[in-house]
Participant: 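First the structure, then my questions, so here it is.
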There are 2 protein chains.
Amino acid sequence: MTELRADARRNREELLDVARQVIREQGVDASLRDIARRAGVGIATLYRHFPTRDDLIAAIIGEGIQRLNARAAELAETKPPGEAFEEWLSYMASRIGPYHGLPGAIHDALTTDGSPLGILCADMMDVGDRLLTRAQTDGVIRPDVTWPDIFTAVAAISAIATQSGPDTSTRILDVYLDGLRTNP
Amino acid sequence: MTELRADARRNREELLDVARQVIREQGVDASLRDIARRAGVGIATLYRHFPTRDDLIAAIIGEGIQRLNARAAELAETKPPGEAFEEWLSYMASRIGPYHGLPGAIHDALTTDGSPLGILCADMMDVGDRLLTRAQTDGVIRPDVTWPDIFTAVAAISAIATQSGPDTSTRILDVYLDGLRTNP
DNA sequence: ACCTGAACACCGTTCAAGT
DNA sequence: ACCTGAACACCGTTCAAGT
């Protein structure tokens, strides 16, 4: 894993660069053949580096997910629980939404064991769960809603961004967040 | 349209029966070739009866959409505006959700002119808009939310049903509906 | 170690040829 | 009028053969 022959390393980088761009444009169901072609590499080479589509997606969004986790820690320290939780959800939506089909892929990955994408997102789920619990303990978020439900909801709502635009997605998320708050 | 040769009529019925089942099982992206094969008909025959996938989907869910519109009229007469609106949204979600990919297809169809599915759903959009306006006039639903937004939200949330099950979808919809209500 | 293209089994869509 | 399969240009995935 860590030691790669020079040519292999170059191919891997090129594949990732191309895939990042193509997937941002066409979504997570983009043609793998097309990605290999644009990277100037045989289709089998793509499969050697990324045995499944899941592996490729995980490699592409890995960094973004880590940033998401870091942001959670940051918000937890600087903002009150309710604000931290809501801001983090909005941030998550803005990062995940633009990749067409990604929320669905993450959801599938989380319930498929051994999925690299699932493993990658497991930490994110823990982080979210903790932020939620803090906000619920603080009494600002309804105590009867679970984190898996909220994650599923925010994922589905963020997916709207690729169809109806980020503004629509944001407005809908705001209404949902309002429903999440305890009535004073 | 109305006059079909006996064999053509039989083929059309068989295609619709098979398509209804296959699409319920596999979603709106199911293989058209597979549907034709199972219907015991050449692939070109499917295309002759339904020139686009859109036509086929519209033909399949047409009856369901009309039932949806009828239900709206019924609810408007028998229930107070807020209840009528919310019940209709839940009913819509329960009808649309189970078909994987249908909410997305409807959304695309509504913004593509000439789409048979879009034409079919246009009435439904009017009906929903009227129910919303009544509920807003009655003061029970937030006045600052538009019908297209609500439709998009409910469509996205109902789509959850095929991934996480109808119960999850229902719970999430409840939270969203809560966010839609005016705070007393 | 790594790369490659051919191979296989699928698609969606169209079109000439059949009845 | 209507039906049909072949044809074309694509997929995802695997595997034997190359360096």
Side-chain angles (χ1 to χ4, degrees), chain A residues 1-19 21-23 25-60 100-102 104-105 108-109 112 114-117, chain B residues 1-19 21-23 25-60 100-102 104-105 108-109 112 114-117:
Chain A
M1 261 294 186
T2 44
E3 303 290 338
L4 274 181
R5 225 168 64 181
D7 57 342
R9 170 143 186 75
R10 254 198 335 269
N11 282 339
R12 192 172 198 280
E13 289 307 318
E14 188 61 21
L15 278 166
L16 278 176
D17 280 353
V18 171
Q21 196 193 328
V22 171
I23 285 182
E25 280 169 12
Q26 310 185 9
V28 293
D29 289 325
S31 161
L32 299 179
R33 260 191 143 93
D34 189 35
I35 291 171
R37 206 157 32 218
R38 294 204 207 188
V41 131
I43 176 66
T45 300
L46 184 150
Y47 274 91
R48 161 164 263 262
H49 286 283
F50 309 101
T52 70
R53 175 174 243 117
D54 218 85
D55 287 278
L56 180 59
I57 298 174
I60 286 180
H100 184 237
L102 181 55
D108 289 349
T112 306
S115 157
L117 183 57
Chain B
M1 262 295 187
T2 43
E3 303 290 340
L4 277 180
R5 224 168 64 181
D7 56 343
R9 170 142 186 77
R10 254 198 335 268
N11 283 339
R12 193 173 197 280
E13 289 307 319
E14 187 61 21
L15 277 167
L16 278 176
D17 280 353
V18 171
Q21 196 193 327
V22 172
I23 286 182
E25 279 169 14
Q26 311 186 7
V28 294
D29 289 325
S31 161
L32 299 179
R33 262 193 142 91
D34 189 34
I35 291 170
R37 205 159 30 219
R38 295 204 207 187
V41 132
I43 177 66
T45 300
L46 183 150
Y47 275 90
R48 161 165 264 262
H49 286 283
F50 308 102
T52 71
R53 175 173 242 115
D54 219 86
D55 288 277
L56 180 59
I57 297 173
I60 285 179
H100 184 236
L102 181 56
D108 289 349
T112 307
S115 157
L117 183 56

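Source: prediction; values computed, not measured. Convention: sequence-line order gives letters A, B, ...; per-chain numbering from 1.
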Participant: Taking OP1 and OP2 of dC2(D), is either one under 4.0 Å from a side-chain nitrogen or oxygen of Asn11(B)?
Facilitator: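 Checking Asn11(B) against dC2(D): no side-chain N or O falls below 4.0 Å of OP1 or OP2.
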
Participant: Please compare Gly42(A) and Arg33(A) by the position of their nearest nucleotide in DNA chain C and report the one closer to 5'.
Facilitator: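 Closest to the 5' end, via its nearest nucleotide, is Gly42(A).
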
Participant: Could you check Leu32(B), Ile60(B), Leu56(B), Val41(B) and say which one makes a side chain to side chain contact (heavy atoms under 4.5 Å, CB included) with Leu15(B)?
Facilitator: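 The passing option is Val41(B).
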
Participant: Is His49(B) near enough to dC2(D) that one of its side-chain N or O atoms lies under 4.0 angstrom from OP1 or OP2?
Facilitator: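 Negative; the distance criterion is not met.
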
Participant: Both Asp34(A) and Ala8(B) contact DNA chain D. Taking the nearest nucleotide for each, which residue is further toward the 5' end?
Facilitator: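 The 5'-side residue here is Ala8(B).
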
Participant: Taking atom types as they are modelled, would you say the side chain of Arg53(B) forms a donor-acceptor pair with the base of dT13(C) within the 3.5 Å cutoff?
Facilitator: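 Between dT13(C) and Arg53(B), which were checked side chain against base, a qualifying N/O pair under 3.5 Å is absent.
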
Participant: dC11(C), OP1 or OP2 - any side-chain N/O from Arg37(B) closer than 4.0 Å?
Facilitator: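 Yes, within the criterion.
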
Participant: Do Arg48(A) side-chain and dT4(C) base share a donor-acceptor contact under 3.5 Å?
Facilitator: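 Such a pair does not exist between side chain and base.
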
Participant: Among dT13(C), dG5(C), dC2(C), which nucleotide sits nearest the side chain of Ala44(A)?
Facilitator: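 The listed nucleotide nearest to Ala44(A)'s side chain is dG5(C).
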
Participant: Are side-chain N/O atoms of Asn11(A) and Thr45(A) paired as donor and acceptor at under 3.5 Å?
Facilitator: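 Note: Asn11(A) and Thr45(A) side chains miss the donor-acceptor criterion.
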
Participant: Side chain of Thr45(A) only, heavy atoms from C-beta on: which candidate in dG5(C), dC3(C), dT13(D) is closest?
Facilitator: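 The answer is dC3(C).
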
Participant: Taking the nucleotide of DNA chain D with the nearest heavy atom to each, does Ile43(B) or Ile43(A) sit closer to the 5' end?
Facilitator: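 Mapping each residue to its closest nucleotide by heavy atoms, the 5'-most match is Ile43(B).
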
Participant: Which dot-bracket notation, 5' to 3', represents the base pairing of DNA chain C when pairs are defined as Watson-Crick or G-U with both distances under 3.5 Å, crossing pairs as [ ], and inter-strand pairs as |?
Facilitator: ||.|||||...|||||.||

Participant: Counting any heavy atom closer than 4.0 Å, what does Ala30(A) reach on the DNA or RNA strands: base, sugar-phosphate only, or nothing?
Facilitator: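 Counting heavy atoms under 4.0 Å across all strands, the contact made by Ala30(A) is with sugar-phosphate only.
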
Participant: Is the shortest side-chain N/O distance from Ser31(A) to OP1 or OP2 of dC10(D) below 4.0 Å?
Facilitator: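 No, outside the criterion.
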
